[in-house]
There are 2 protein chains.
Amino acid sequence: MVLTYLMEPPAVRDDPRPVGAAAVVRDPLPTQGLLDFRVIELLFFAYREFTGDADSILEKYGFGRAHHRVLHFVNRDPGLTIAELLDILQITKQSLSRVLRQLIDEDFICQIPGDEDRRQRRLYPTEKGRALAIELSRAQVRRIEAALAKTTDEDMRPIATFLTAMASDRQAARDWFERKDISWKDRE
Amino acid sequence: MVLTYLMEPPAVRDDPRPVGAAAVVRDPLPTQGLLDFRVIELLFFAYREFTGDADSILEKYGFGRAHHRVLHFVNRDPGLTIAELLDILQITKQSLSRVLRQLIDEDFICQIPGDEDRRQRRLYPTEKGRALAIELSRAQVRRIEAALAKTTDEDMRPIATFLTAMASDRQAARDWFERKDISWKDRE
DNA sequence: CAGATAGGTCAGCACCATTGACGTAATTTT
DNA sequence: AAAATTACGTCAATGGTGCTGACCTATCTG
């Protein structure tokens, strides 16, 4: 191996802009300078752990995250049409097809023609699919509840408000939140 | 196309468990039943919008999310070694290599042998890389700040506490948070 | 000098997403 | 009743991002 790009080590220690090379930046972007990076990085690390909980379970079944998402929404809203599911997931039907095919073939989900419109293939979980969906959500809820352990009902409001605002750009998301009552009405 | 799996439509409307077919589940998983799905779904939709902001910019450069992550952490912590970066990203060096190679070849990042240990290839952003990192973060900060528009300093605490708890499973994450002071000491 | 460490690379594979094109069945429109 | 539209399925090709395994160089350490 030749490592040509290293044979003449950039002389940046003496000259920050050697001829023909771009300037090297040595100062870090500070956590709270022009931009505040704290929430960016918290979201990155938090979401990775969040999905990791489910990923390790999915591996046992030979599934990936895409399977999880399909399974989740079919369980949350049985009778969903393909079009509705695509609208929620924001992927193409070609992307969905492979994943859905596997879930159907392995008997986690089944399709039933719509009553009114028989072109539709409405999606329902099987008992097997329901069980897996619950297993996956249980793992994620465990982490969430642990993270919220010391959170009061009062403190839950700003958290929910923040996440809802982050999430509510698309109509499909807003519709889902309203239909499924994803909000923090203080419950007592 | 034959659609064999549809030729004999499951008679589940009459019999929930026809011979040889799995039981079909028709009731939805309620938002707050045995499990509370609200935070799960808020995180899913929120993170998708959050990454989408950067994705559309990256597309212009022919880059993906992996490039973004590398660029981000190299900008946040210039002089990072490969090993340190791998520890933060939790990927293999083979996964990193393609992405890093492109960022180096296209002059967004450069490598400089370590002063003390010359085996190390310490990573620094170029001015071009710094500019892109800022452009990407600006888009994400814009969404975050909009979502936090009505949030008081007081309300910021529970949000930060929640995300930090969600994110802090791994030592590498905890170290990063401490080193970069990712926390909400009320500032005034 | 021997071994460990930091890093690079090749080959092959899996997963998940894309676009484009084409097909079928059912519903709606004319 | 014919035509157009809709709902869905599928084939083919491609790209991005991850993985494992194997093997390489350069450097540091004992």
Side-chain angles (χ1 to χ4, degrees), chain A residues 1-9 48 51-52 54-56 58-59 61-71 79-87 89-105 109-123, chain B residues 1-7 9 48 51-52 54-56 58-71 74 79-87 89-106 109-123:
Chain A
M1 197 194 45
V2 190
L3 288 181
T4 49
Y5 55 93
L6 273 174
M7 298 199 69
E8 210 166 342
R48 192 174 63 185
T51 54
D55 288 346
S56 36
L58 289 160
E59 217 176 338
Y61 293 82
F63 290 148
R65 256 177 231 184
H67 301 85
H68 184 187
R69 291 195 279 268
V70 171
L71 194 61
L80 211 64
T81 66
I82 300 288
E84 286 164 351
L85 185 54
L86 291 177
D87 198 40
L89 297 180
Q90 290 285 128
I91 57 174
T92 61
K93 66 177 171 174
Q94 295 91 327
S95 297
L96 175 61
S97 93
R98 245 176 331 222
V99 165
L100 182 57
R101 185 77 280 146
Q102 288 177 273
L103 286 166
I104 291 169
D105 288 347
I109 284 178
C110 74
Q111 294 180 308
I112 301 178
D115 272 1
E116 294 157 27
D117 187 336
R118 283 174 43 223
R119 290 172 303 180
Q120 295 172 340
R121 301 290 129 87
R122 292 184 175 270
L123 302 171
Chain B
M1 198 193 48
V2 189
L3 290 182
T4 48
Y5 55 93
L6 273 175
M7 298 197 70
R48 192 173 63 184
T51 55
D55 288 345
S56 38
L58 289 160
E59 215 175 342
K60 297 188 302 185
Y61 293 82
F63 292 148
R65 257 177 231 183
H67 301 85
H68 184 186
R69 291 195 279 266
V70 171
L71 194 61
V74 169
L80 210 65
T81 66
I82 301 288
E84 286 164 349
L85 184 54
L86 291 178
D87 198 40
L89 297 180
Q90 289 286 128
I91 56 174
T92 61
K93 66 176 172 176
Q94 294 92 328
S95 297
L96 175 61
S97 95
R98 245 180 329 223
V99 165
L100 183 56
R101 186 78 279 147
Q102 289 178 272
L103 287 167
I104 291 170
D105 288 347
E106 299 185 33
I109 285 179
C110 74
Q111 294 179 310
I112 301 178
D115 272 1
E116 294 158 27
D117 188 337
R118 284 173 44 225
R119 289 172 302 180
Q120 294 173 342
R121 302 291 130 85
R122 291 185 175 271
L123 303 171

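Note: hydrogens, waters and symmetry copies are ignored here, and every other heavy atom, side chains too, is used. Here the structure is a predicted model, which is why all the values come from computation and not from measurement.
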ask   = Looking at B:Gln111, does any N or O in its side chain come under 4.0 Å of the phosphate oxygens OP1/OP2 on C:dG8?
value = yes
ask   = Please give, in whole Å, the distance from C:dC16 C1' to A:Leu103 CG?
value = 13 Å
inquiry  = Suppose we screen for salt bridge (charged side-chain N to carboxylate O under 4.0 Å, His left out). Which residues come up paired with B:Arg65, at least two apart in sequence or across chains?
reply    = B:Asp55
ask   = If you measure from CG on B:Leu85 to CD1 on B:Ile91, what distance do you get to the nearest 0.5 Å?
value = 7.0 Å
Show me the protein contacts with nucleotides 2-5 of chain C, counting only N or O atoms at under 3.5 Å.
from, atom 1, to, atom 2, distance (Å)
C:dT5, O2, B:Arg119, NH1, 2.5

message = Return a single string for nucleotides 12-20 of chain D, one symbol per nucleotide in 5' to 3' order, where B is base contact, S is sugar-phosphate-only contact and - is none, cutoff 4.0 angstrom on heavy atoms.
response = ----SBBBB
ask   = CD of A:Glu59 versus C1' of C:dC15: gap in Å, rounded?
value = 12 Å
key: B:Arg119: salt bridge (charged side-chain N to carboxylate O under 4.0 Å, His left out) partners, not counting sequence neighbours   = B:Asp117
task = Verify the contact: side-chain N or O of A:Arg121 to OP1 or OP2 of D:dA7, cut-off strictly under 4.0 Å; return yes or no.
result = no
ask   = Between atom CG of B:Leu96 and atom CG of B:Leu123, what is the distance when rounded to the nearest 0.5 Å?
value = 7.5 Å
ask   = How would you list, by chain and number, every residue that makes a side chain to side chain contact (heavy atoms under 4.5 Å, CB included) with B:Arg48, sequence neighbours excluded?
value = A:Gln90, A:Arg170, B:Phe44, B:Phe45
inquiry  = Just verifying a value: how many Å separate A:Leu86 CG and A:Gln94 CD, rounded to the nearest 0.5 Å?
reply    = 9.0 Å
key: Reported CD1-to-CG distance for the pair B:Ile82 and B:Asp87, which is rounded to 0.5 angstrom   = 13.0 Å
key: Residue-level proximity of residues 79-87 of chain A to DNA chain D when a heavy atom falls under 4.0 Å   = A:Thr81, A:Ile82, A:Ala83
Interatomic distance where CZ belongs to A:Arg118 and C1' belongs to C:dA25 [whole Å] = 9 Å
message = Does any part of the side chain of A:Asp115, heavy atoms only, come nearer than 4.5 Å to the side chain of A:Arg122, both counted from C-beta?
response = no
ask   = Roughly how many Å is it from CD in A:Glu116 to C1' in D:dT6, rounded to a whole number?
value = 15 Å
request  = Look up atom CD1 in A:Ile109 and atom CZ in A:Arg101, then write down how far apart they are to the nearest 0.5 Å.
outcome  = 11.0 Å
inquiry  = Working to the nearest 0.5 angstrom, can you tell me the gap between B:Phe63 CZ and B:Glu106 CD?
reply    = 4.0 Å
